[in-house]
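A quick write-up on the structure given underneath.
Residue numbering restarts at 1 for every chain, and letters A, B, ... go by the order of the sequence lines.
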Amino acid sequence: MPSNFIHDFIDEDIAEGGQYEGRTVHTRFPPEPNGYLHIGHAKAIYIDFGTAAKYNGICNLRMDDTNPAREEVEYVEAIKEDVNWLGYDWGDRFFYASDYFEDMYQFAVELIEKGLAFVCELTPEEIRETRGTLTEPGKNSPYRDRPIEENLDLFKRMRAGEFEDGKMTLRAKIDMSSGNINMRDPVIYRIAHEHHHRTGDDWCIYPMYDFAHPLEDALEGITHSLCSLEFEDHRPLYDWFIENCSVPYTPRQIEFARLNIDYTVMSKRKLRVLVEENIVSGWDDPRMPTISGLRRRGYTPQAIRNFCERIGISKVDSLVSYDFLEFCLREDLNEHALRGSAVLDPIKLIITNYPNEQKESMTVQNFPYKPELGSHEMTFSKEVWIERNDYAVDPPKKYHRLYKGNEVRLRGAYIVKCTGHIEDDDGNIIAVTAEYDPESRGGKAADGRKIRGTIHWVGTEDAVDAEVRVYDKLFSVPDPDDSDLDYHELINPNSLEVIENAKLEPWLLSKENQGNAFQFIRQGYFIEDSEDSTKEKPVFNRTVSLRETYKPNKK
RNA sequence: UGGGAUGUCGCCAAGCGGUAAGGCACGGGACUUUGACUCCCGCAUGCGUAGGUUCGAAUCCUGCCAUCCCAGCCA
């Protein structure tokens, strides 16, 4: 992991004389189990776990479940699966914020006893009104100077369930005139008669994030609590709680910029809308930036980790281009995906001088520059499927494919010379015709002549029909978050193209290839869909296309 | 008109007073039984801006400008 400003801080902290000299670097990834993880979380996970690993330290996985109104067990399992899939291991350190509810309650009591917290009976509206504004200070709550004994009694009764939701809160007594609004006597406990996914009905008061988080960190012995920029002005409050509660450790919060990628959104709220309005098929729709969506799309953990490493870590608000993610993906897939053939927009190529009933088995490499990965057979005969756009009646300049009179190589088979095409009564092209060179078996000309174009094909004798889903960006604008237009107007209507009758060579569906990522030669990387594909009707997702530098209109 | 941050190539991002790394994208070329991959070459007299300090400034100082975050009993 390359160095960055966070590591500079850590270096100082663990150096001789530093505040954590001799301590093991200990971080944590603390998601709230109220939605699925997305690639923005992947960056955080990479930073939290990666940093710990770099310093031979450890990283905890902790569910920040302090708000029962919106958290569910369903998400807990999904989060664990995603972190695991990304390749990170939390060992035996899987925790819940709710593990510490009793401790937190005791720390709250401590604050009350020190005269640093009070039970406030202001309504939510009144709290808002007395908080002041960005430019004006707030006003003290009339309950601010309640005697300690009374606070203690009331807080105990809050816990006992004597009061309705919203009737009272416990507030820290700090400074209503602070320029930092977070310091204006923040609420640290609210009453919520809600069933919690783990503690059930044990509690009807729940701690707020600002109070809970530093305590969770301290209780777990976290040294470096890494979070995103919006918590920067919560840090004084974080430190205030650490200082005023008798916690066993003193963690340090350091903030970094969260990840943004163009043509997509990264907030759970907005992603949820896509799911709820059926704009996508679910949280794991292959167009979603969720970890589960990327996984289903065919992204690899390695590609995502490489991406996270290369975008770097800083405090600058940035918008990383989607191209860069795709570059990292192609880079990894290029090294690992076996090569096979599929024709997405099929048209027949008839080899007129090839014997009518003849069939030949052609050997093709599974991975051209890694012969150790073996080879497989393809069935060649008089008629083969080729890509419709590999034939042109009126070819553009520098077109190295089939057009009347041009020679092209059928990859791994023969060199053929195009003789034209066949039309139906309406003038539609229904087949392309060619003559093959019997001396070129395997694709090599006996006389050594150079063949510029090589195209892929699939045998008509054994082709398997399949559905192929071709994806494009979910949004049509680079920065959906920055647009004034309605969310729905920003959706790319062509983000999914379904090809019903693609032709696949049978090897792609063989048993030993189950679940493999493939490169369909000359097209891109594909993977069988984990949800919808069946033996009767295979479905493949295009993970990402191959880089394309051919520009037919050039020159 | 408050508080907290950030501004280095189209996009990320090094740089920490000694004269602008790297990656992506882009352009050109070589190679090629994937127009892929790979390999070469090119791509900031300039570091938000205006001054100042210094032999020397992206780095230090001052002013200004721009952008982001904060007024949940959310995290």
Side-chain angles (χ1 to χ4, degrees), chain A residues 2-4 8 30-32 34 64-67 69-71 97 120 122-124 127-129 131-138 165-171 177-184 186-192 205-206 208-210 212-213 227-236 255 257 262 268-269 310-328 330-331 334-335 339 341 364-365 368-369 398-401 409-413 415 440 442-445 451-456 478 519-524 545-552:
Chain A
S3 196
N4 54 66
D8 291 343
E32 182 188 11
N34 70 339
D64 212 356
D65 55 351
T66 57
N67 185 357
R70 48 185 229 175
E71 292 150 7
C120 183
L122 253 25
T123 63
I127 288 184
R128 182 166 15 91
E129 286 158 11
R131 183 153 33 222
T133 67
L134 294 180
T135 53
E136 305 158 37
D165 290 7
K167 285 291 181 214
M168 291 179 187
T169 56
L170 182 69
R171 294 226 257 165
S177 65
S178 173
N180 182 344
I181 292 180
N182 296 301
M183 302 300 270
R184 319 238 263 231
V187 170
I188 60 179
Y189 262 97
R190 76 281 215 179
I191 300 172
I205 56 172
Y206 292 92
M208 299 287 290
Y209 169 86
D210 282 321
H213 209 83
C227 65
S228 45
L229 248 31
E230 67 268 30
F231 293 105
E232 210 153 16
D233 46 7
H234 291 243
R235 193 169 67 229
E255 313 83 12
D262 60 10
K268 280 184 197 166
R269 203 196 96 244
R310 295 210 247 197
I311 52 175
I313 302 167
S314 72
K315 298 185 70 156
V316 184
D317 281 308
S318 61
L319 188 63
V320 177
S321 65
Y322 197 87
D323 285 347
F324 192 58
L325 212 210
E326 293 198 326
F327 163 79
C328 294
R330 289 191 185 102
E331 178 187 52
N334 179 51
E335 279 304 306
R339 270 61 167 174
S341 296
V364 292
Q365 296 297 309
Y369 60 90
K398 288 191 163 185
Y399 184 83
H400 303 135
R401 311 177 198 176
R409 173 167 36 236
L410 293 176
R411 190 168 183 280
I415 293 167
S440 65
K444 205 167 205 154
I451 304 296
R452 282 304 302 268
T454 298
I455 65 173
H456 59 98
Q519 183 192 106
F520 289 180
I521 287 285
R522 296 212 303 143
Q523 313 251 37
S545 68
L546 245 33
R547 192 159 158 267
E548 175 69 273
T549 52
Y550 172 63
K551 297 175 193 69

Are [X] and [N] close enough that a side-chain N or O sits under 4.0 Å from OP1 or OP2?
{"X": "Thr549(A)", "N": "A36(B)", "result": "yes"}
{"X": "Ser321(A)", "N": "A25(B)", "result": "no"}
{"X": "Arg547(A)", "N": "C37(B)", "result": "yes"}
{"X": "Arg131(A)", "N": "G2(B)", "result": "no"}
{"X": "Arg128(A)", "N": "C73(B)", "result": "no"}
{"X": "Thr66(A)", "N": "A75(B)", "result": "yes"}
{"X": "Arg184(A)", "N": "A71(B)", "result": "no"}

Notebook entry, point to check: Does the ring of Tyr209(A) lie flat against the base of A75(B), closer than 5.5 Å centre to centre with planes under 30°?
Noted result: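 Base of A75(B): not stacked against Tyr209(A).
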Of the options [options], whose atoms approach the side-chain atoms of [X] most closely?
{"X": "Met208(A)", "options": "G72(B), A13(B), C16(B)", "value": "G72(B)"}
{"X": "Phe327(A)", "options": "C24(B), C74(B), G35(B)", "value": "C24(B)"}
{"X": "Val316(A)", "options": "A75(B), U34(B), G7(B)", "value": "G7(B)"}

Any donor-acceptor N/O pair under 3.5 Å between [N] base and [X] side chain:
{"X": "Arg411(A)", "N": "U34(B)", "result": "no"}
{"X": "Asp233(A)", "N": "G3(B)", "result": "yes"}
{"X": "Glu136(A)", "N": "U1(B)", "result": "no"}

Hunt down the Watson-Crick or G-U wobble partner of [N], both distances under 3.5 Å, from any strand shown, or write none.
{"N": "A66(B)", "answer": "U6(B)"}
{"N": "U53(B)", "answer": "none"}
{"N": "A25(B)", "answer": "none"}
{"N": "A13(B)", "answer": "none"}
{"N": "A30(B)", "answer": "U38(B)"}

Note to self: With nearest nucleotide decided by heavy atoms, which residue, Glu331(A) or Gly412(A), maps closer to the 5′ end of RNA chain B?
What the structure shows: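 Nearest nucleotide further toward 5': that of Gly412(A).
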Notebook entry, point to check: When the nearest nucleotide of RNA chain B is assigned to Leu319(A) and to Phe520(A) on a heavy-atom basis, which residue is associated with the more 5' position?
Noted result: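 The residue closer to the strand's 5' end, by nearest nucleotide, is Leu319(A).
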Notebook entry, point to check: What is the distance from CZ of Arg235(A) to C1' of C70(B), rounded to the nearest Å?
Noted result: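 Atom CZ in Arg235(A) sits about 14 Å away from atom C1' in C70(B).
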Check: What is the ring orientation for Phe231(A) with His234(A), classed by angle as parallel under 30°, tilted 30 to 60°, or perpendicular over 60°?
Finding: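 Rings of Phe231(A) and His234(A): perpendicular, over 60°.
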Next item on the list: Could you check if the base of G72(B) is syn or anti? Syn means the glycosidic torsion is within 90 degrees of 0.
Entry: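 Chi for G72(B) falls in the syn range.
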